[in-house]
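Throughout, a chain's letter reflects where its sequence line sits, starting with A, and its residues are numbered from 1.
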Protein chains: 2
Amino acid sequence: MSRPTIAAVARAAGVSVASVSRVLNGLPATAEMAERVRRAVAELGYVPDSRARSLKVGRTFQLTLAVADVGNPVYVTMMRAVEEVVSAAGYRLVVTTTGPDVADEVALVRGMARGYADGLVISPLRVDDDLIKSIQECDVPVVVAGNVPARAGVDTVRANSPKGMLLAVEHLLTTKRHKVAFVNGPVDTVPGSARAKGFTDAMKANKLTPVAEVAAEDFTFAAGRAAGRELLEDTPGIDAVIAANDLLAVGVMHELAARGLRVPDDVAVIGMDDSALAEQSFPPLTSVNLGSAERGRRAAELLLARIEDDSRTPRRIVVQPSLSVRRSS
Amino acid sequence: MSRPTIAAVARAAGVSVASVSRVLNGLPATAEMAERVRRAVAELGYVPDSRARSLKVGRTFQLTLAVADVGNPVYVTMMRAVEEVVSAAGYRLVVTTTGPDVADEVALVRGMARGYADGLVISPLRVDDDLIKSIQECDVPVVVAGNVPARAGVDTVRANSPKGMLLAVEHLLTTKRHKVAFVNGPVDTVPGSARAKGFTDAMKANKLTPVAEVAAEDFTFAAGRAAGRELLEDTPGIDAVIAANDLLAVGVMHELAARGLRVPDDVAVIGMDDSALAEQSFPPLTSVNLGSAERGRRAAELLLARIEDDSRTPRRIVVQPSLSVRRSS
DNA sequence: ATCGTTCTTGTAATCGTTTACAGATCAGAC
DNA sequence: GTCTGATCTGTAAACGATTACAAGAACGAT
């Protein structure tokens, strides 16, 4: 026995399918009609089929959030923020994960044309022309949480990495650290390149020269630890490390501990993202808050606004960072 | 200009919609026909509408994974495992988050009748008769990653918490710890009650009496820290703490550190789940591996099998735990 | 040349909704 | 009693795909 359809409800209630549909969608109907339909719906346990509905009305009332790595706690923060906004607007949020490489992301964006959802928030790790093109041509609105060139003409919400780096470097200066090393993620990623430039500029602005700079394989704990090892083997005398995200920072801290170096006494460590992990790590990690929650919120709002009115000019929002000082520095 | 439909492709190629559909679905066709269709598809950038398709064929080729809290790293592990299995089988995985209370879960299960996906893996925090009923009556196959009564007659994959507790307690014994406290999550949750019983039994089996037992507000870091505070204020002389999951354990470790107690020298700490956090915490956390990756994998396999054949008798799989000994004990 | 197969293609019905349109009903006003 | 509007309800046509069925083409065998 398969699911009851609207026709079955109509039959059971002795009315037409149109009337059932109307009652269910809150259109005006007599009390008697509404009552009969409700009774039949309850009796049969009828639930409307969203596929058929969205085929007809052209909307799914679902929104998609695509992230590269669910293991990265910064995405958890963003996810929660997005979820809150879109569910308040009556949408269902579904999360999918893209792989680490840009081809996966392009496939996902292209796939949106199949009508899975009414909109997409994507936080791409790597961006190339293909991806930009796929976003521009996408049949549903797309908001990028991250950095794409202005000429792409898409709604974006991004962090201000350079400013964040400045906060980190200045904080180290006021705490008298001068031999600063930088542990980045892969430089061929969007955050990787932004943070590399941010770091260089921030150091220059403060008339400091980096003692070392390494790039981890990816933005994970294990990669951070490996990068930390490399760093400490090659470069003696480091008194501070800035890492491109919290996972890398925690990896570095483990490597420091393994070598008997104390944080913050011997080496100060600063992460970025100010994710839950920063608070959970030991010692608690000083971290640059790049506003991931706010980015998520704004991105969701931008998406809703564009769904509302597709002709509005694309906006590019920049969220300002702040520094969460904890015990690691 | 809206998305091209199969009719537009047919027109452009000068063939019928049926032929386009056949070519796209790999049914036999002449080379000439295939070529014309492919050319038209490429030219128009046609992408089939999954809503229409799944309305007709009655399948969406999507599967849903529902978890209570994306911030809990154990779900990350599960998610990855599920993703791997289902995508290998040609399904798209979408993740949704339920709230912490059972009503949200029931709503989600009921909502599956709308046809969002072909199946559901749900890992419920709390289970009641309503939820069981909704699962039994659900129009699509549901696999529970967690514990529901056998009489419910649903496919389940669950951890063996009692056995896991035994591993933890025995490990503490061999390392000469006797004053063992237990930090649980809410006891009205499925894992909470299972672990409470597991702990009690494991202690009894080893002729130990717990020095203290507290229940945190929920399974989060902050709650763990608060529970740790309560514990340490009320009970002096503890030399080991078992926590019901890694987040709680890390919270307790922070509270220990705040009071100048060293881990493991003064107090040994053992977590459960063996999530990424266990490895990342400092000192690295000894944790009971409850097989979350395997649970995810098996749950996904069970779901696929049931989609294949809905008449098979429900299976209840139990995954065996192991202990990952690290430096916190 | 005719017939029977087989293979390819097109027509049209269908999935479960929503909604434009038209028909029915009813109340109120004259 | 008839007419006008307003209001409610039903019929049927979409939405964009798949697929049963039938018709047509091609081809070899007789």
How many whole angstroms separate atom OH of B:Tyr116 from atom P of C:dT17?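 Taking atom P of C:dT17 as the reference, OH of B:Tyr116 is at 13 Å.
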In whole angstrom, what separates A:Arg59's CZ from C:dT19's P?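 Value for this atom pair: 11 Å.
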Tell me whether A:Glu84 contacts the main-chain N or O of A:Arg297 through its side chain, where contact means a donor paired with an acceptor under 3.5 Å.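 The answer is no, because no donor-acceptor pair under 3.5 Å joins these two groups.
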Could you pull out all residues at least two apart from [X] that satisfy salt bridge (charged side-chain N to carboxylate O under 4.0 Å, His left out)?
X        : answer
B:Arg39  : B:Glu35
B:Glu308 : none
A:Asp49  : A:Arg3, A:Arg51
A:Glu43  : none

Determine, for nucleotides 10-20 of chain D in 5'-to-3' order, which nucleotides have protein heavy atoms under 4.0 Å from the base (write B), from only the sugar-phosphate (write S), or from neither (write -). BB--BBBBBB-
Test of understanding: with side chain to side chain donor-acceptor pair (under 3.5 Å), list the residues that count as partners of [X], not counting sequence neighbours.
X        : answer
A:Tyr46  : none
A:Asp188 : A:Arg126
B:Arg92  : none
B:Arg315 : none

Side-chain donor-acceptor distances from residues 5-33 of chain A under 3.5 Å, at least two apart:
residue	atom	partner	partner atom	Å
A:Thr5	OG1	A:Ala7	N	3.1
A:Thr5	OG1	A:Ala8	N	3.4
A:Ser16	OG	A:Ala18	N	3.4
A:Ser16	OG	A:Ser19	N	3.2
A:Ser16	OG	A:Ser19	OG	3.3
A:Ser21	OG	A:Asn25	ND2	3.3
A:Asn25	OD1	A:Arg53	NH2	3.2
A:Asn25	ND2	A:Ser21	O	2.8
A:Thr30	OG1	A:Met33	N	3.2
A:Glu32	OE2	A:Arg36	NH1	3.4

Between the first and last five pairs of the helix from C:dA1-D:dT30 to C:dC30-D:dG1, the angle of the axes, rounded to 10 degrees: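 Taking the rotation axis at each end, their angle is 60°.
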List every contact pair, protein side and nucleotides 22-26 of chain C side both N or O, where the distance is under 3.5 Å.
none

Any side-chain N or O of A:Thr30 less than 4.0 Å from the OP1 or OP2 oxygen of D:dT9?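 Yes, A:Thr30 has a side-chain N/O under 4.0 Å of OP1/OP2 on D:dT9.
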